[in-house]
Number of protein chains: 2
Amino acid sequence: MTMQQTGGRRRPPTIHDVAREAGVSRGTVSRVLNGGHYVSPAAQEAVNAAIRRTGYVVNRHARSLITGRSDSVGFLLTEPQERFFEDPNFNVLLRGCTQALAAHDIPLLLMIAGTEAERRRITRYITAGHVDGVLLVSSHSGDPLAERLRDAGVPLVACGKPIGQASRISYVAADDRDGARYMVRHLLSLGRRRIGTITGPLDTPGGVDRLGGYREVLAEAGVALDERLVATGDYSRAGGEACAARLLDRVPDLDALFVASDLMARGALTALQRAGRRVPEDVAVGGFDDSPAATATEPALTTIRQPWDRISSEMVRVLLALIGGEDPAAVILPTELVRRASA
Amino acid sequence: MTMQQTGGRRRPPTIHDVAREAGVSRGTVSRVLNGGHYVSPAAQEAVNAAIRRTGYVVNRHARSLITGRSDSVGFLLTEPQERFFEDPNFNVLLRGCTQALAAHDIPLLLMIAGTEAERRRITRYITAGHVDGVLLVSSHSGDPLAERLRDAGVPLVACGKPIGQASRISYVAADDRDGARYMVRHLLSLGRRRIGTITGPLDTPGGVDRLGGYREVLAEAGVALDERLVATGDYSRAGGEACAARLLDRVPDLDALFVASDLMARGALTALQRAGRRVPEDVAVGGFDDSPAATATEPALTTIRQPWDRISSEMVRVLLALIGGEDPAAVILPTELVRRASA
DNA sequence: CTGAAAGCGCTTACAG
DNA sequence: CTGAAAGCGCTTACAG
């Protein structure tokens, strides 16, 4: 029993009904549906009218069976932790991608591959051709899934630069290094000289590149690098708190902190407060992301804005190009300093 | 050109390849694929072995073309605001539904109908049979989309009780009224008698029923109802802050606050702090949801836990039953008081 | 229990 | 520019 029959729905009109209604062949209807090439204006008109009258909607399954395309895209999240779901950036990204795809009338399939079993199941599903391409989101890049899919010939765009040499995986990312440079220069301009940093995990581009930008600017400014001022975090709030406590312990006179994510910065604020430091008077704090977390703190965070709207729309644009046969591409988008109260 | 040819993928094996490999007809392979009824153990075995050897995966488009089912489900978000995306509960729900469906090997299509144009496009897409059913999530229930889809015969499960009379729309919800009762009883047990409340919007079940529970318990306890103690909020943080300020203004000696969401409670905490009230000493504060927001505050929020994991798994269960031809159902799940520092 | 055959709704060379 | 026809990969009565 088809679903159309359940619930009292009538059998929907097919291309055959439209053809009869328009007085043309089914081939002609199909041509109108697929761009209207080699169709006379009169036929075009008649078919469009018949489509309107019948309420015809193409049956995607029949079309996909022939074209071999599914006209859908997967949004693949590979994250063992629940952390990513708590990350406000994720929401913006998912929403942005859904809407950018909707503009092309392409549905987004959400896939979560947290465990190895799920990764296998999803790999099979994807390589069987059930989606035309994949938007890949994972915090720890160098993800084996990315290479597996790429090797299987699946069009793929990662969010953030995949770590690993010349992997020929397309990606869209904010300019992490540049963002870090803006922030550290800002802290220097405030007269701070004992600037600590809490990095992201060093197997992520955000971890490596933001630390790189920090080092570069200090070196340019002639400020001696002090490794005791560097703590490696994990992008979690609790991690940020622990790192800040450690830094204060090692370098009690630090006067600024560049934290590689707003969520960690929030944890750092807690640690600073507990240690009796005023922000920004004693310690200026800069975050990264400009996530909702940045305005939820007291004081509100000075941070680096990542252009999530553009990141998602660019991911979709590059993926559709890839599906259309174009070559892989990398897109780096500029960041921006957002000044609030914390620095 | 099929996608399999792009990127150097070989044409995937079909049921025909499996049949040849197993030495049976395609009909027999299909029977094995669809439950193995009327198939001899020997044939069963041979087919399974052939499937393994060939790496066969069913072509869903061909199957759907015949069965009229898509074997996929839509997760439909109707929300004009971005607010819902910022709501941590949404994440948990989306994640839970994705995983519950994955266990049945059913992909989830994310659909966002923020504008009227999007609603029309998505309605067409859904009623054309591209998904077998819909998980509907909207904060303001009484959503016209729900009725439109129901009238079109689309299997549908709402998150939260749809407002409106006997709409015969299946839903899964936490027991809002009962949750509110727990909280207000708890505040009474603390010795508080001037208990204010900040409600959700009164066109939402969470708004109406949590207020109902509040009133019931106070009436049972013989505490006179004072309408000045009731403020209508909007589930936003800023709204919570404004409402709390208003209540303090109207009833300066209030000694407790039952707030219908953690996010609003967070705003209320800010207002209380600014007014110089200590929490919980001067004013005990109870939230609702047990969202991540509840532990992000200082002091951490005493709140009512909504069982999001079960809500999502029940939504999926009910939807699959509906698709299977069962009658609509309503599922109400129990809530639980979570005691922390704020009350 | 099993095979041969029809058919799901569409697209796409192929003739004209 | 247009129609008739083949065929995409599967499922499902229908005979046996």
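Just so it is clear: chains get the letters A, B, ... in the order the sequence lines come, proteins before strands, and each one is counted from 1.
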Using the criterion of both pairing distances under 3.5 Å for Watson-Crick and G-U wobble pairs, give all stems of 3 or more consecutive pairs involving DNA chain D.
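In DNA chain D, stems of three or more pairs: C:1-3 with D:14-16, C:5-12 with D:5-12, C:14-16 with D:1-3.
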
Identify, with sequence neighbours excluded, every residue that meets side-chain hydrogen bond (donor to acceptor under 3.5 Å, both in side chains) alongside A:Thr54.
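For A:Thr54, no residue satisfies side-chain hydrogen bond (donor to acceptor under 3.5 Å, both in side chains) once neighbours in sequence are set aside.
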
Going by side-chain hydrogen bond (donor to acceptor under 3.5 Å, both in side chains), name the residues that satisfy it together with B:Ser72, two or more places apart in sequence or in a different chain.
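Only B:Ser70 meet the side-chain hydrogen bond (donor to acceptor under 3.5 Å, both in side chains) criterion with B:Ser72.
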
For B:Arg150 and B:Ile169, indicate whether the former's side chain and the latter's backbone hold a donor-acceptor pair under 3.5 Å.
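A pair under 3.5 Å: no.
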
Are B:Arg121 and B:Glu118 ion-paired here, with the side-chain N under 4.0 Å from a carboxylate O?
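Salt bridge absent between B:Arg121 and B:Glu118.
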
Inspect the contact between A:Asp105 and A:Arg60 and indicate whether a charged nitrogen and a carboxylate oxygen are less than 4.0 angstrom apart.
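A:Asp105 and A:Arg60: salt-bridged.
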
Does OP1 or OP2 of C:dT2 have a side-chain N or O of B:Ser40 closer than 4.0 Å?
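Indeed, a polar side-chain atom of B:Ser40 lies that close.
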
Look at the side-chain N and O atoms of A:Ser25 and state whether any lies under 4.0 Å from the OP1 or OP2 oxygen of D:dG3.
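So the side-chain polar atoms of A:Ser25 do come within 4.0 Å of the phosphate oxygens OP1 or OP2 of D:dG3, strictly under.
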
Mind checking whether B:Tyr125 and B:His130 have parallel, tilted or perpendicular rings, split at 30° and 60°?
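Taking B:His130 first and then B:Tyr125, their aromatic rings sit tilted (interplane angle of 30° to 60°).
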
Inter-nucleotide C1' distance (C:dT12, C:dG16), Å rounded:
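Each nucleotide's C1' atom is 16 Å from the other's.
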
P spacing across the pair D:dA5 / D:dC1, given as an integer number of angstrom
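These two P atoms come out 23 Å apart once rounded.
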
Whole-Å gap separating P (C:dG16) and OH (A:Tyr38)
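So the two atoms are 19 Å apart, to the nearest Å.
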
When you compare the protein's N or O atoms with those of nucleotides 9-13 of chain D, which come within less than 3.5 Å of each other, and at what distance?
| unit_1 | atom_1 | unit_2 | atom_2 | d |
| --- | --- | --- | --- | --- |
| D:dC10 | OP1 | B:Tyr56 | OH | 2.4 |
| D:dC10 | OP1 | B:Asn59 | N | 3.1 |
| D:dC10 | OP2 | B:Ile15 | N | 2.3 |
| D:dT11 | OP1 | B:Asn34 | ND2 | 3.2 |
| D:dT11 | OP1 | B:Arg63 | NE | 2.8 |
| D:dT11 | OP1 | B:Arg63 | NH2 | 3.1 |
| D:dT11 | OP2 | B:Ser30 | OG | 2.6 |
| D:dT11 | O5' | B:Ser30 | OG | 3.4 |
| D:dA13 | N6 | B:Arg31 | NH2 | 3.3 |

Quick one: list whatever passes side-chain contact (heavy atoms from CB on, under 4.5 Å) with B:Leu333, sequence neighbours left out.
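With sequence neighbours excluded, B:Leu333 shows a side-chain contact (heavy atoms from CB on, under 4.5 Å) to B:Val172, B:Pro307, B:Arg310, B:Ile311, B:Glu314, B:Val331, given in chain and number order.
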
Would you list the atom pairs, donor with acceptor, under 3.5 Å between side chains in residues 13-21 of chain A and any protein atom, with sequence neighbours excluded?
| unit_1 | atom_1 | unit_2 | atom_2 | d |
| --- | --- | --- | --- | --- |
| A:Thr14 | OG1 | A:His16 | N | 3.0 |
| A:Asp17 | OD1 | A:Arg20 | NH2 | 2.9 |
| A:Asp17 | OD2 | A:Thr14 | N | 2.8 |
| A:Glu21 | OE2 | A:Arg53 | NE | 2.7 |
| A:Glu21 | OE2 | A:Arg53 | NH2 | 3.3 |

